[in-house]
Colleague: 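One structure coming up, written as structure tokens, with questions to follow.
Below, all heavy atoms of this structure are taken into account, side chains as well, without hydrogens, waters or symmetry copies.
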Amino acid sequence: MGALFRRFRERVVDGDGVGPAPVGGGRGRRGGEEVAVPPVEFTSYYGRPIVKAPVWRWDIPAYLFTGGLAAGSSLLAVGGQVTGRPVLRRAGRLVALGAVGASAVFLVHDLGRPERFHHMLRVAKVTSPMSVGTWILAVFGPAAGVAAVAEAASWLPSRGVWRLARGVLPPVGRGAGWVAAVTAPALATYTGVLLANTAVPSWHEAYPELPVVFAGSALASGAGVGLLAAPVGQAGPARRLAVAGAALELVGAHRVETRLGLLSEPYRVGVAGRLLRAGRALTAVGVVGALLGRRSRVVSAVSGAALVAASVATRFGIFHGGVASARDPKYTVVPQRERLARRAAGG
């Protein structure tokens with residue numbers, strides 16, 4: 001038992017309290033006998049990851065995408081509303097409603113039972129990104145729905161009670177569109193805060209960049225909707241939105257892949273690396289097409305599709321990068337040891 005205890009101490013306690021440290025040997029005091037410990041390479045406690053990888057499935061990265069698409073589309077819609085471009089306004093409102101509806105489906109599917117979403121509305125906790133996000137959806141969803149329904153006003157009969165609805169819906173839709181647009185930035189970015197608030201190493205360390213990446217991705221996807229739906233003469237706001245969104249997304253993604261040291265690695269390799277590289281390429285194609293396709297409906301539509309696809313690739317890439325960092329213990333242990341070394345040096 002004494003030898004076992006000494007071996008445990010040398011591998012765990014002397015390994016700075018984080019995990020077993022590679023050692024070449026150790027000394028025990030049992031009659032002056034030297035106890036040799038073979039070199040040990042760290043894997044994890046009992047062969048398991050230190051941080052439990054998220055159990056989320058494909059529906060969560062899909063939720064990340066559709067939430068951003070809804071936010072970007074609502075901003076596109078209010079841009080079309082302000083500048084008198086009805087095609088942009090209509091496309092943005094309808095896509096925003098469809099996307100936020102899909103987000104609700106993905107979220108409820110992940111929760112397992114629909115009533116769990118209702119239960120989350122019983123409290124409002126500003127320190128919980130999940131609680132805040134639930135309330136954001138609760139405000140954005142109905143506003144986006146009213147704005148989209150208002151687009152049906154022109155189809156209603158102009159007699160009787162329908163005449164009253166035909167006159168009331170447009171101003172109500174404009175107000176609801178503004179409510180959705182004001183809520184859209186929070187909807188676009190809170191999921192980045194939610195991921196960074198977890199213990200997953202590559203998400204947690206990227207807390208300054210993830211909201212920026214998600215905001216840019218949301219704007220770019222909304223711009224893509226506009227470029228797909230509107231004739232070239234009405235697509236001006238969508239082009240400007242595409243440039244702004246692409247700039248935010250590319251700058252944020254570059255920092256995620258370069259600033260975090262070892263924790264940037266999961267974003268550069270494997271599935272995450274391939275997805276994020278594809279996202280960058282598609283974003284570049286979308287922006288170039290948006291700027292050069294001012295007179296070509298086909299080029300404009302292709303660039304819009306590229307921007308939407310880039311948003312999908314970026315969200316799934318960020319998701320897979322975080323999961324990969326949780327599954328490999330080195331992304332937990334090495335940064336912890338580096339922090340301990342810096343504190344010791346500073347002390």
Colleague: First locate atom CZ of Arg337, then atom OG1 of Thr332, and finally report the distance between them rounded to the nearest 0.5 Å.
Modeller: 11.5 Å

Colleague: How far does OG of Ser311 sit from CG of Leu64, to the nearest 0.5 angstrom?
Modeller: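 Interatomic distance, Ser311 OG to Leu64 CG, rounded to 0.5 Å: 9.5 Å.
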
Colleague: Just how far is it from atom OH of Tyr331 to atom CG of Leu262, taken to the nearest 0.5 Å?
Modeller: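 These two atoms lie 5.5 Å from each other.
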
Colleague: If I take atom CZ from residue Arg240 and atom CG from residue Leu291, how far apart are they, to the nearest 0.5 angstrom?
Modeller: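 Result: 11.5 Å between the selected atoms.
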
Colleague: Check step by step if side chain to side chain contact (heavy atoms under 4.5 Å, CB included) holds for Leu219 and Leu248.
Modeller: CA-CA 9 Å; Leu219 293 177; Leu248 284 175; 4.0 Å; yes

Colleague: Sort and list the pairs that fulfil side-chain hydrogen bond (donor to acceptor under 3.5 Å, both in side chains) and have at least one residue in residues 291-308, not counting sequence neighbours.
Modeller: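 The answer is none; no pair qualifies.
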
Colleague: List the atom of Leu195, the atom of Trp56, and the distance in Å for their closest heavy-atom pair.
Modeller: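 The answer is CD2-CZ3, 3.6 Å.
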
Colleague: Could you state whether Val312 and Leu250 fall into the same hydrophobic cluster, counting links through intermediate Ile, Leu, Val, Met, Phe, Trp or Tyr residues with side-chain heavy atoms under 4.5 angstrom apart?
Modeller: no

Colleague: For His320, look at atom NE2 and say whether over 12 heavy atoms of other residues, nucleotides or ligands are found less than 6.0 Å away.
Modeller: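 Yes, NE2 of His320 has more than 12 neighbouring heavy atoms, counting only those of other groups under 6.0 Å.
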
Colleague: Would you say Thr314 and Ser217 are linked by a side-chain donor-acceptor pair, where the criterion is simply a distance under 3.5 Å?
Modeller: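 Side chains of Ser217 and Thr314: no pair found under 3.5 Å.
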
Colleague: Taking all heavy atoms of Gly322 and all of Val200, pick out the closest pair and write down the distance.
Modeller: O-CG1, 2.9 Å

Colleague: Are the side chain of Ser202 and the backbone N or O of Leu263 linked by a donor-acceptor pair below 3.5 Å?
Modeller: yes

Colleague: For residues Pro86 and Gln234, determine if any side-chain heavy atom of one lies less than 4.5 Å from a side-chain heavy atom of the other.
Modeller: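 Side-chain contact under 4.5 Å: yes.
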
Colleague: Verify the cluster assignment for Phe65 and Val271: are they in a single hydrophobic cluster under the rule of side-chain heavy atoms below 4.5 Å apart?
Modeller: yes

Colleague: Between Trp203 (side chain) and Ile318 (backbone), is there a donor-acceptor pair under 3.5 Å?
Modeller: yes

Colleague: Of the non-hydrogen atoms in Thr83 and Pro237, which two are nearest, and what is the gap between them?
Modeller: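 For Thr83 and Pro237, the tightest heavy-atom pair comes out as OG1-CG, 4.1 Å.
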
Colleague: Considering only heavy atoms from C-beta outward, does the side chain of Pro208 approach that of Arg259 to under 4.5 Å?
Modeller: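 Counting from C-beta outward, Pro208 and Arg259 do come under 4.5 Å.
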
Colleague: Atom CG in Leu69, atom CZ in Arg315: separation rounded to 0.5 Å?
Modeller: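 The CZ atom of Arg315 is 9.0 Å from CG of Leu69, to the nearest 0.5 Å.
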
Colleague: Side chains of Val212 and Val251: closer than 4.5 Å at any heavy-atom pair?
Modeller: no

Colleague: Minimum heavy-atom separation for Gly167 and Pro170, please, with both atom names.
Modeller: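 Closest heavy-atom pair between Gly167 and Pro170: O-CD, 3.7 Å.
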
Colleague: Under the side chain to side chain donor-acceptor pair (under 3.5 Å) criterion, do Thr258 and Ser264 qualify, and how do the steps go?
Modeller: CA-CA 6 Å; Thr258 57; Ser264 290; over 6 Å; no

Colleague: Please report, to 0.1 Å, the donor-acceptor pairs under 3.5 Å made by any side chain of residues 173-194, with sequence neighbours excluded.
Modeller:
| unit_1 | atom_1 | unit_2 | atom_2 | d |
| --- | --- | --- | --- | --- |
| Thr183 | OG1 | Val179 | O | 2.7 |
| Thr189 | OG1 | Pro185 | O | 2.8 |
| Tyr190 | OH | Tyr63 | OH | 2.0 |

Colleague: How far does CZ of Arg85 sit from CZ of Arg89, to the nearest 0.5 angstrom?
Modeller: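 If I round to the nearest 0.5 Å, the distance is 13.0 Å.
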
Colleague: Under a 4.5 Å cut-off applied to non-hydrogen side-chain atoms, are Val87 and Pro231 in contact?
Modeller: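 Heavy-atom side-chain distance check passes, below 4.5 Å.
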
Colleague: Under the side chain to side chain contact (heavy atoms under 4.5 Å, CB included) rule, what do Phe319 and Trp58 come out as? Steps first, then yes or no, please.
Modeller: CA-CA 9 Å; Phe319 175 80; Trp58 63 269; over 6 Å; no

Colleague: Quick one: salt bridge (charged side-chain N to carboxylate O under 4.0 Å, His left out) pairs with a partner in residues 91-103, sequence neighbours left out?
Modeller: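 Pairs touching residues 91-103 that pass the test: Arg93-Glu151.
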
Colleague: Using only atom types and a distance under 3.5 Å, with no angle test, would you say the side chain of Ser103 pairs donor to acceptor with the backbone of Gly67?
Modeller: yes

Colleague: Nearest heavy-atom pair of Ala246 and Val287: which atoms, and what distance?
Modeller: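 Closest approach of Ala246 to Val287, heavy atoms only: CB-CG2, 3.1 Å.
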
Colleague: Knowing that exactly one of Glu249, Glu257, His254 qualifies, which makes a side chain to side chain donor-acceptor pair (under 3.5 Å) with Arg280?
Modeller: Glu257

Colleague: Spell out, as yes or no, whether a donor-acceptor pair under 3.5 Å connects the side chain of Arg239 to the backbone of Ala290.
Modeller: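 Yes; judged by distance alone, with no hydrogens or angles, the pair exists.
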
